[in-house]
Amino acid sequence: MAININWWGVAVLSLRGADGWSPAHEVSRGNVAEMISLALSWPEDEQSRLFLTIEQPSRRLSWTKIQELATRPDFPVFI
């Protein structure tokens, strides 16, 4: 089932620590569509450590879900 996404809502892109114990740190903050685009451009060897936190409604999305959202037909295209 597809989740309802406000592409223009506030989101935070974060990166988990490489060792699995270190805390995650914020990479960038912006709207959902921008943060997904940024995640897709991130170095491939680190992408699986990325996650997205959407502020309204409060939701945390894994790298797998970020990839799924990027393939949706309603995903905004930036030119």
Side-chain angles (χ1 to χ4, degrees):
M1 181 166 120
I3 59 174
N4 186 22
I5 292 289
N6 173 6
W7 299 112
W8 312 114
V10 176
V12 176
L13 184 64
S14 299
L15 183 68
R16 287 184 194 86
D19 59 11
W21 296 99
S22 301
H25 67 275
E26 182 177 313
V27 171
S28 190
R29 181 179 292 263
N31 69 49
V32 174
E34 290 171 331
M35 295 303 97
I36 291 174
S37 293
L38 178 59
L40 295 173
S41 69
W42 206 258
E44 285 186 36
D45 61 329
E46 294 184 343
Q47 285 177 336
S48 65
R49 295 175 30 223
L50 291 170
F51 64 93
L52 188 65
T53 305
I54 300 173
E55 294 188 0
Q56 292 295 328
S58 182
R59 184 179 290 152
R60 184 170 160 169
L61 306 175
S62 67
W63 169 244
T64 302
K65 185 56 76 175
I66 292 170
Q67 289 175 301
E68 289 173 16
L69 290 174
T71 63
R72 284 180 34 166
D74 61 335
F75 180 72
V77 176
F78 298 98
I79 299 175

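- Partner of Val32 under the side-chain contact (heavy atoms from CB on, under 4.5 Å) criterion, chosen from Trp7, Phe75, Trp8: Trp7.
- In this structure the side chain of Phe51 never reaches within 4.5 angstrom of the side chain of Ser62, judged on heavy atoms.
- Nearest heavy-atom pair, Ile36 versus Ala70, reported as atom, atom and distance to 0.1 Å: CG2-CB, 3.9 Å.
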Exercise for the section: I would like to know whether Val12 and Leu52 meet side-chain contact (heavy atoms from CB on, under 4.5 Å); could you show each step before the answer? Expected result: CA-CA 6 Å; Val12 176; Leu52 188 65; over 6 Å; no
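- In terms of heavy atoms, Ala11 sits closest to Asn31 at CB-C, 4.3 Å.
- Looking at His25 and Leu15, their side chains come closer than 4.5 Å, going by heavy atoms from C-beta outward.
- Of the possible polar contacts, one joining the Gln47 side chain to the Trp42 backbone as a donor-acceptor pair under 3.5 Å is found.
- Glu46 places no side-chain N or O within donor-acceptor distance of the main-chain N or O of Pro43, the cut-off being under 3.5 Å.
- Contact detail for Ser48 and Arg16: the closest heavy-atom pair is O-NH1, 3.7 Å.
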Exercise for the section: Go through Arg59 and Ile5 one step at a time and tell me if the side-chain contact (heavy atoms from CB on, under 4.5 Å) criterion holds. Expected result: CA-CA 10 Å; Arg59 184 179 290 152; Ile5 292 289; 3.9 Å; yes
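- A donor-acceptor distance shorter than 3.5 angstrom exists from the side chain of Ser41 to the backbone of Leu38, with no hydrogens or angles considered.
- For Ser22 (side chain) and Asp19 (main-chain N/O), no donor-acceptor pair under 3.5 Å exists by modelled atom type.
- A pairwise comparison of heavy atoms in Glu55 and Arg29 identifies OE2-NH1, 2.7 Å as the closest pair.
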